Amino acid sequence: MARSTNDLNAVRMMLGPGIMYWAETSLTFLLSMAVMLHTDVRLTVMALLPAPCVSLAVIFFGRRIHKRFEHIQSMFSDISSRVQENLAGVRVVRAYAQENAEVAQFEQLNLQYVRENVGLTRLQGFFSSLLQAFIGLTFLLVMWSGGRQLLAHRISTGSFVMFNTYMGMLIWPMIAFGWVVNLMQRGTASLNRINEILHEKPTIARPLGQAETARDCPTDVHFRDVTAAFAGREALSSLDLAIQAGETVAIVGQTGSGKTTLVNLIPRLFDPTSGSVEVGGVDVRRFDPEELRQEIGFVPQETFLFSASLAENIAWGLPDATREQIAWAAEVAGLASDIASFPNGLDTVVGERGLTLSGGQKQRTAIARAIIRNPRILILDDALSSVDTVTEEKILNQLASLMRGRTTILISHRVSTVKNADRIVVLSKGRVVEIGTHSELQEQGGYYSDLYQKQLLEEELEAI
Ligand SMILES: Nc1ncnc2c1ncn2[C@@H]1O[C@H](COP(=O)(O)OP(=O)(O)OP(=O)(O)O)[C@@H](O)[C@H]1O
Ligand SMILES: [Mg+2]
């Protein structure tokens, strides 16, 4: 955020006023110099005596200003992300009564920021005063040497006055020069920070040669000997799994078993450490990621809504969606009756990150967003966890008829979500440990049948 606002501004100052004054001062300097040389060479040499000192000062201070400014900009980044986090997480801050602690930390950061800025201002102040002193020195030298020549009648009063007038014209360029150096140093420091991001090579990019076309490709998904590791720790270990086109596959497993990691590999949110993921028999790395993602409806585990209307949130991935399409998607996602109860219906604004919606409403909005694109592969990562079982069943039935002939992957911790899937896969520590239909797995007596027994018991207890 800081790089795209504050740093951008510093670059703008360098490219606008910076370059303009650079041109102006250079031109004034050159022309005045020409006239001065023409009037009296010896006096011009005198006037130029302090110039090497000026250059040294510019180099010396320029470097320090540059370094300090870079540091200050990175501090500004820290402060803005801190504020952003606090605003986004304001309810957590309140719930834990951490307002004062957060304010104190913010103040601490700001004090540091002020200190650094005062340091920079001191440096700049010293630099510009030094430049002024050099200007004074130049005048002193010219007055002294020119005055003596005037007394000795070696130059005329007219020439001396004229010389001094042109010298006076050099004062502004010299001051402006200091300012320009300052702008340039700030601008290049900020440009470096911006370039760091612009030159970052995305690890997930189009293949170098001709990309395979993902449109209308078969939708069977094949994981071949897939290992995915984060910082050396394996989230998936040599996993093999084949999902037929048109199949509904459910994935269950303990928390941290690698379910999310597995489905993230399909739209290439990241790539496996080794092994490959194939869609329609083609390694996903050979598709254009953008085209591949067009074919996939993805509902992530953590719902993210934008601060816009429900309709805009649903049509997010399909900007030219019609009103009918939006209403249809909301209907399939089981959101229609909720929408009817909102004052502005589909045009209700949901607040930052969907603040004004319930957890289940948020999840169903995210589902509607995925299905409006008519995806050929649908991935729901625990997307029904906040919805009651009755609503869940209704949504699943509607999805089943919608996804006929297409591939659906459902992740859940609830048996009710997964029991009607064509196949259920149980993951444990990044490996497939059980696979089969609801009744097959129940007979095996493993993790799944345990889960089923427990949830059955819970339901019975609730009924009492
Ligand atoms: N971006 C990441 N960086 C580092 N480690 C990660 C990252 N994403 C996942 N992991 C690790 O990989 C393992 C599997 O995580 P994953 O999110 O796939 O689990 P999950 O089965 O989806 O769990 P849950 O049911 O809680 O959603 C975990 O141990 C987790 O800490
Ligand atoms: Mg997960």
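Just so it is clear, the structure is predicted and the values come from calculations on it, not from any experiment.
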Colleague: Just wondering, are more than 12 heavy atoms of other shown residues or ligands nearer than 6.0 Å to CH2 in W328?
Modeller: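 Enclosed: over 12 neighbouring heavy atoms sit under 6.0 Å from CH2 of W328.
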Colleague: Are the aromatic rings of F127 and F60 close, with centres under 6.0 Å apart?
Modeller: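 So the answer is no for these two rings.
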Colleague: Identify the two heavy atoms, one from G345 and one from L310, that lie closest to each other, and give their separation to 0.1 Å.
Modeller: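 For G345 and L310, the tightest heavy-atom pair comes out as O-CD1, 4.1 Å.
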Colleague: Salt-bridged, R3 to E196, with N to O below 4.0 Å?
Modeller: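 A salt bridge links R3 with E196.
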Colleague: Tell me if a side-chain donor or acceptor on K259 pairs with a main-chain N or O of Q254 at a distance below 3.5 Å.
Modeller: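 Checked: pair present.
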Colleague: Would you please indicate yes or no on a ring centroid separation below 6.0 angstrom for F270 and F230?
Modeller: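 Yes, the ring centres sit under 6.0 Å apart.
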Colleague: Within the distance-only criterion (no hydrogens, no angle test), does the side chain of T391 pair as donor or acceptor with the backbone N or O of V387 below 3.5 angstrom?
Modeller: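 No.
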Colleague: When rounded to the nearest 0.5 angstrom, what distance separates CG in L292 from CZ in R286?
Modeller: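 Output value for this atom pair is 13.0 Å.
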Colleague: List the steps and the verdict of side-chain hydrogen bond (donor to acceptor under 3.5 Å, both in side chains) for Q363 and T303.
Modeller: CA-CA 6 Å; Q363 282 194 331; T303 315; 4.8 Å; no
Colleague: Keeping R364 on the side-chain end and G334 on the backbone end, is there a donor-acceptor pair under 3.5 Å?
Modeller: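 Looks like yes, one N/O pair under 3.5 Å.
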Colleague: Would the distance check show the side chain of T407 and the main-chain N or O of I377 forming a donor-acceptor pair, the cut-off being under 3.5 Å?
Modeller: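 Such a contact is absent between T407 side chain and I377 backbone.
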Colleague: Can you list the steps and then say if S77 with R193 is a side-chain hydrogen bond (donor to acceptor under 3.5 Å, both in side chains)?
Modeller: CA-CA 11 Å; S77 287; R193 282 166 47 85; 3.0 Å; yes
Colleague: With sequence neighbours left out, write down each residue that passes side-chain hydrogen bond (donor to acceptor under 3.5 Å, both in side chains) with N9, or none if nothing qualifies.
Modeller: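 Expected list: R12.
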Colleague: Taking M143's backbone N and O only, do any of them form a donor-acceptor pair with R148's side chain (distance below 3.5 Å, no angle check)?
Modeller: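 Looks like no, no N/O pair under 3.5 Å.
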